[in-house]
*Asks:* 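Below are the structure tokens for one structure; questions will follow.
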Amino acid sequence: MKVLLNPETVTSPISLIAGQGNGIHKPNPVQISLLQFRNVRARNSSVERRRKLSVKSVLDSETIDQIGIPESDIRNPSMSSSYRNPNFPKPNQTVLDAQARVSRGELNDEEQVSKAQLGAFFAGMTIRANAFPEETQWSEGERRAMSTFWPLLVRILPPDVIFIADPEGSIMGAANSIGPHFVDKGSASMRLIGALREVLAGAHLGYEEVQGVLKEVLPLNSENKQSEGISDSLLSAFLIGQRMNRETDRELKAYCLAFDDELGPPPVADVRSLTHYGEPYDGNTRYFRSTLFVAAVRSCYGESCLLHGVEWMPPKGGITEGQMLKFMGANTQLIPSQAKKLLEDGEVGFAYLVSPNGFCRYSLIGLREHIKKRPPLATTEKVQQLVRARGKEAIVAGFYHEGYEEPLLMLMKRRGVHSGLVVKVETHLATDGEEGALSMTTRLRSAQTTKGLPVNYCSGFRSKSLMSAIEADGVSRESFSIEVNAKEYGFEPTDTPRTDRSVSRNIELGLAALGGEKGPAYDRIVLNAGMIDHLLGCDEAENISSALDRAREAIDSGEALKRLLNYIKTSHKF
């Protein structure tokens, strides 16, 4: 994909030129002008001049042939949902809705229900019956329905699903003798069934037990012959069951570390500081996702940043860094050793990796779409170190459900990083809802929010020495918690810009901000770059105002934009 730079004088605002917004993936046979942005500031003493930097990604038939991209792989830049792999079989939407609500619905005879859906649905019902408080157990309507239809279900459901629905024969009564005596072929499957009996009863597993199950049954479609024949219903029941039981620290640690040795030791980058960003892998569907642009800013003054994720992930299936970089023409299929070189590159300083760990392979991504709700992997995949650093390391991650902030920080300490930070990203109330991934917002807290942690609540730790979190004791490690009020630091309260699944709109906002265009997107990038520098204890960021000014200078000088363009160009050298 060719990237052409055309500076010229301009007075008009940023503009985006894209193909027809009709959802058709096939490109124009001559060319598609994907992106054009303007408004890069140049300063001359007290007079501020404006000039334009136009970046055009040209995709024509000759380029397609040279790069070897099949036309079927061309994505619609308007919608993040177009990045969904079309080879994934779609789940039954009625059952998917029922999984989300754990309620009943009428099935359309033309829609097939997958075994993964059945496993997740019945696992939820079983755990509610066995282990939930009385007020959240089955409703009277659910009891009547199951009493009426269970004799019929026993005759048509596969044995593994019957086992999940009534593993001990204690829920449905004498009509079920399959569950208590259920066995399967293969040691991996039997190990999974044994662990699942405990999970369906509402019990927790030990660290070694969870790791043993994961390593035997995952990754799918690998050379691990033991994992062949693992039932989707059993695996989905295990994953969602552990989340419904609210994972212990031991269980989360097992999910986090289970695949660390899959590709061998991570490469070590020769940088003085490295921040690992743990964005939710399923992306943003509503609001501006700013972390890619924040990474470009922080790299300007030596704070190297590593982003990781996958191109598309359920349940949101929203905008990801991988989609944005691919749309802009970058190579998004780098390996850790190549990311290391980009981190060390004095003209780049940040990198993005498609997570190579087993739990993110496409076979399990497809399964997660059928599970509907986020499994434990959705928490632990954010706390990864795909590249290490010779200098200090930090991890930043977002959390939504209260109670996960401390487990996330525990995992960061277990990783041995010098600093860790978690950011509250969204609230339950629609009046105060904020989908910012791990980003802080400049909006004011709603007066109607009276309980629970607010958006922009941050908690973390930082080491006062060069010792890692594992080596540091309670004296040399400083813990903190703070609610960041952007207005206190001179930001005008503004709503976060909406993107509504549009990849191109997200890029337009980010490039306009890096081009110096003031507004909500610009403020959000500055706030997150400066505050993260301060909260992580980065060099020369002790004073918040100075840290914010440093971020502004990185943008207004044009350096942050230059580094993003350098990344797009340099990523193709590998």
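Atoms considered below: every heavy atom in the structure, side chains included; atoms not considered: hydrogens, waters and symmetry mates.
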*Asks:* Check whether the side chains of His276 and Gln384 place a donor and an acceptor atom closer than 3.5 Å, and report yes or no.
*Replies:* no
*Asks:* Does a side-chain heavy-atom distance below 4.5 Å link Phe288 with Asn506?
*Replies:* yes
*Asks:* Any luck finding a side-chain donor-acceptor pair between Tyr255 and Glu247 under 3.5 Å?
*Replies:* no
*Asks:* Under the side-chain contact (heavy atoms from CB on, under 4.5 Å) criterion, do Ile230 and Phe238 qualify, and how do the steps go?
*Replies:* CA-CA 12 Å; Ile230 295 295; Phe238 181 78; over 6 Å; no
*Asks:* What's the shortest heavy-atom distance between Leu343 and Ser304, and which atoms?
*Replies:* O-OG, 3.9 Å
*Asks:* Taking the side chain as C-beta and beyond, is there a heavy-atom pair between Thr496 and Arg286 under 4.5 Å?
*Replies:* no
*Asks:* Drop me the distance from Arg298's CZ to Thr291's OG1, to the nearest 0.5 angstrom.
*Replies:* 10.5 Å
*Asks:* Tell me if a side-chain donor or acceptor on Asn528 pairs with a main-chain N or O of Met440 at a distance below 3.5 Å.
*Replies:* yes
*Asks:* Flag the pair Phe182 / Asp160 as yes when at least one side-chain heavy-atom distance between them is below 4.5 Å, and no otherwise.
*Replies:* yes
*Asks:* Is a side-chain donor or acceptor of Asn245 paired with a backbone partner of His204 at a separation under 3.5 angstrom?
*Replies:* no
*Asks:* Please check if the side chain of Arg477 supplies one atom and the backbone of Phe461 the other of a donor-acceptor pair under 3.5 Å.
*Replies:* no
*Asks:* Of all residues at least two apart in sequence or in a different chain, which pass the side-chain contact (heavy atoms from CB on, under 4.5 Å) check with Glu405?
*Replies:* Phe399, Val422, Leu453
*Asks:* Using 0.5 Å steps for rounding, measure from the CG atom of Leu364 to the CG atom of Leu239.
*Replies:* 6.5 Å
*Asks:* Is any side-chain heavy atom of Leu408 closer than 4.5 Å to a side-chain heavy atom of Val383?
*Replies:* yes
*Asks:* In Å, rounded to the nearest 0.5 Å, how long is the span from CG of Leu536 to SG of Cys458?
*Replies:* 10.0 Å
*Asks:* Apply side-chain contact (heavy atoms from CB on, under 4.5 Å) to the pair Tyr277 and Leu306, showing each step before the final yes or no.
*Replies:* CA-CA 6 Å; Tyr277 277 91; Leu306 181 63; over 6 Å; no
*Asks:* Classify the ring geometry between His308 and Tyr281 as parallel (under 30°), tilted (30 to 60°) or perpendicular (over 60°).
*Replies:* perpendicular
*Asks:* Donor-acceptor pair, Thr126 side chain versus Ile164 backbone, under 3.5 Å?
*Replies:* yes
*Asks:* Check for me whether Arg462 meets the cation-pi criterion with Phe480, that is, NZ or CZ under 6.0 Å from the six-membered ring centre and within 45 degrees of the ring axis.
*Replies:* yes
*Asks:* Give me the atom names and distance for the closest heavy-atom approach of Leu118 to Leu157.
*Replies:* CD1-CD2, 4.3 Å
*Asks:* So which heavy atom on Cys256 is nearest to which on Asp260, and how close?
*Replies:* O-OD1, 3.7 Å
*Asks:* Does Glu134 have more than 12 heavy atoms from other residues, nucleotides or ligands lying within 6.0 Å of its CD?
*Replies:* no
*Asks:* Going by an N to O cut-off under 4.0 Å, is there a salt bridge joining Arg191 and Glu209?
*Replies:* no
*Asks:* Identify the two heavy atoms, one from Arg197 and one from Pro167, that lie closest to each other, and give their separation to 0.1 Å.
*Replies:* NH1-O, 3.1 Å
*Asks:* Would you say that Phe163 contacts Leu196 through its side chain, given a criterion of any heavy-atom pair below 4.5 Å between the two side chains?
*Replies:* yes
*Asks:* Between Leu218 and Phe259, is the side-chain contact (heavy atoms from CB on, under 4.5 Å) condition met? List the steps.
*Replies:* CA-CA 9 Å; Leu218 298 177; Phe259 305 102; 3.8 Å; yes
*Asks:* Locate the shortest heavy-atom distance separating Pro267 from Lys340; write the atom from each residue and the value.
*Replies:* CB-CD, 3.7 Å
*Asks:* Look at the side chain of Gln137 and the backbone N and O of Phe132, then say whether any donor-acceptor pair between them is shorter than 3.5 Å.
*Replies:* yes
*Asks:* Might you work through the side-chain contact (heavy atoms from CB on, under 4.5 Å) test for Leu411 and Ile395, ending with a clear yes or no?
*Replies:* CA-CA 10 Å; Leu411 293 175; Ile395 297 179; over 6 Å; no
*Asks:* Can you tell me if Trp138 uses its side chain to pair, donor with acceptor, with the backbone of Arg128 under 3.5 Å?
*Replies:* no
*Asks:* For Glu311, which of Gln323, Gln333, Lys326 qualifies under side-chain hydrogen bond (donor to acceptor under 3.5 Å, both in side chains)?
*Replies:* Lys326
*Asks:* Any chance the side chains of Thr379 and Arg243 put a donor and an acceptor closer than 3.5 Å?
*Replies:* yes
*Asks:* Can you confirm whether Gln385 sits close enough to Leu274 that some side-chain heavy atom of one is under 4.5 Å from a side-chain heavy atom of the other?
*Replies:* no
*Asks:* Roughly how far, to the nearest 0.5 Å, is OG of Ser233 from NZ of Lys115?
*Replies:* 4.5 Å
*Asks:* Is there a donor-acceptor pair under 3.5 Å between the side chain of Asp232 and the backbone N or O of Leu367?
*Replies:* no
*Asks:* Quick test of your reading of the model: are Glu279 and Arg289 salt-bridged, counting only N-O distances below 4.0 Å?
*Replies:* yes
*Asks:* Nearest 0.5 Å please: distance from the CD1 atom of Ile162 over to the CZ atom of Phe122.
*Replies:* 9.0 Å
*Asks:* For Leu234 and Ser189, work out which heavy atoms get closest and say how close.
*Replies:* CD1-OG, 4.2 Å
*Asks:* Would you call Asp282-Arg368 a salt bridge at under 4.0 Å N-O?
*Replies:* no
*Asks:* Taking Val484's backbone N and O only, do any of them form a donor-acceptor pair with Asn456's side chain (distance below 3.5 Å, no angle check)?
*Replies:* yes
*Asks:* Strictly distance-based, threshold 3.5 Å: is any side-chain N or O of Gln338 a donor or acceptor partner for the main-chain N or O of Ile335?
*Replies:* yes
*Asks:* Is any side-chain heavy atom of Arg415 closer than 4.5 Å to a side-chain heavy atom of Leu257?
*Replies:* yes
*Asks:* Look at the side chain of Asp166 and the backbone N and O of Met172, then say whether any donor-acceptor pair between them is shorter than 3.5 Å.
*Replies:* yes
*Asks:* Nearest 0.5 Å, please: how far is CG in Asn284 from CE in Met324?
*Replies:* 8.0 Å
*Asks:* I want to check something: taking the side chain as every heavy atom from C-beta on, are Lys316 and Arg374 in contact at a cut-off of under 4.5 Å?
*Replies:* yes
